[in-house]
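These notes concern the structure reproduced below.
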Amino acid sequence: MGSGAFILVLAVALAESIAPAERKCQLNGLWRNDQGSLMEISALRDNGDFEGQYLTRVTLSGGCAQISPLKGAQQQLGEEGWSTFAFTVRWDKFSNATTAFVGQCFVDAGGKETLTTMWLLREAVGSLEEDWKATRVGRNVFTRKRTTKGKILPSLSPPCEDVSSSAQ
């Protein structure tokens, strides 16, 4: 084996041994799902707990969505595998519903990060007889949206008319 071929084999072996460590998924940052909704995870703690904000593009009422808080936890992993996580979103000010998401983070060979999630949305209903229609289930896939550092979700939020001032 010539020295050029040996160097090539060595470089490939080194790249493969380094790649998994470099391909760890980091939840913090801005994410967009397949429906156009945005999620920004801004506080990821050492114990796996995280907080952030969510701006949905889909509403139950068809009204103007506002930024809503999210809280969750990420399963801590060793060197192998990608982490699983769960978070809830309390739809503040525009909906009487809460959504729980569960998912897993993946990183492909090119470094593209993807969050696959399943969700349950619970909407308030007026009676026990209506309970059957109160929960929806779905799936979303999120991809990282590259941005500058800092909390940017508020700058991407559409302006909503203040209901109290528009009624006057």
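Quick caveat: nothing in here was measured; it's all calculated off a predicted structure. Numbers for residues simply follow the sequence, beginning at 1.
Taking both residues in full, the closest heavy atoms of R57 and S37 are given as N-OG, 2.9 Å, listed atom of the first, atom of the second, then distance. Closest approach of D49 and A73 over heavy atoms only: OD1-CB, 3.9 Å.
Of the N and O atoms on the side chains of S83 and Q75, not one donor lies less than 3.5 Å from an acceptor on the other residue. Looking only at atom types and distance, the side chain of R122 has a donor-acceptor partner in the side chain of T135 under 3.5 Å away. Inspection of the T143 and W31 side chains reveals no N or O donor paired with an N or O acceptor under 3.5 Å.
Both W119 and M39 belong to a single network of hydrophobic side chains, linked directly or stepwise wherever heavy atoms of I, L, V, M, F, W or Y lie under 4.5 Å apart. F87 and V102 fall into different hydrophobic clusters, where Ile, Leu, Val, Met, Phe, Trp and Tyr are joined by side-chain heavy atoms under 4.5 Å apart, directly or via other members. F142 is connected to L44 through a chain of hydrophobic side-chain contacts under 4.5 Å among Ile, Leu, Val, Met, Phe, Trp and Tyr, so both are in one cluster.
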Inset, instruction - Run the numbers on W91 and T99 for side-chain hydrogen bond (donor to acceptor under 3.5 Å, both in side chains), then give the verdict. - result: CA-CA 8 Å; W91 304 111; T99 303; 2.8 Å; yes
Legend entry - Q35/N140 under side-chain contact (heavy atoms from CB on, under 4.5 Å): CA gap, chis, key distance, verdict: CA-CA 8 Å; Q35 298 292 317; N140 285 127; 3.7 Å; yes
Inset, instruction - For the pair F106 and T116, evaluate side-chain contact (heavy atoms from CB on, under 4.5 Å) and give the outcome as yes or no after the intermediate values. - result: CA-CA 8 Å; F106 297 96; T116 60; 3.5 Å; yes
Inset, instruction - Before giving the answer on side-chain contact (heavy atoms from CB on, under 4.5 Å), spell out for F101 and F85 the whole-Å C-alpha distance, their side-chain angles and the decisive distance to 0.1 Å. - result: CA-CA 8 Å; F101 290 81; F85 58 88; 5.5 Å; no
Inset, instruction - Evaluate the side-chain contact (heavy atoms from CB on, under 4.5 Å) criterion for residues V141 and R139: first the C-alpha distance (whole Å), next the side-chain angles of each, then the deciding distance (0.1 Å), finally the verdict. - result: CA-CA 7 Å; V141 176; R139 179 178 189 270; 3.3 Å; yes
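Note that CD of E40 is 12.5 Å distant from CZ of R32, once rounded to the nearest 0.5 Å. For the atom pair CG (N33) and CG (L38), the distance works out to 8.0 Å, reported to the nearest 0.5 Å. Put simply, CG on L55 and CD1 on I67 are 5.5 Å apart, with the number rounded to the nearest 0.5 Å. Expressed to the nearest 0.5 Å, how far CD of Q53 lies from CG of L30 amounts to 10.5 Å. Separating the CD atom in Q74 from the SG atom in C105 is a distance of 7.5 Å, to the nearest 0.5 Å.
At a threshold of 4.5 Å between non-hydrogen side-chain atoms, the residues R144 and K112 do not count as touching.
Contact check on R45 versus E51 returns a salt bridge, with a Lys/Arg side-chain nitrogen under 4.0 Å from an Asp/Glu carboxylate oxygen.
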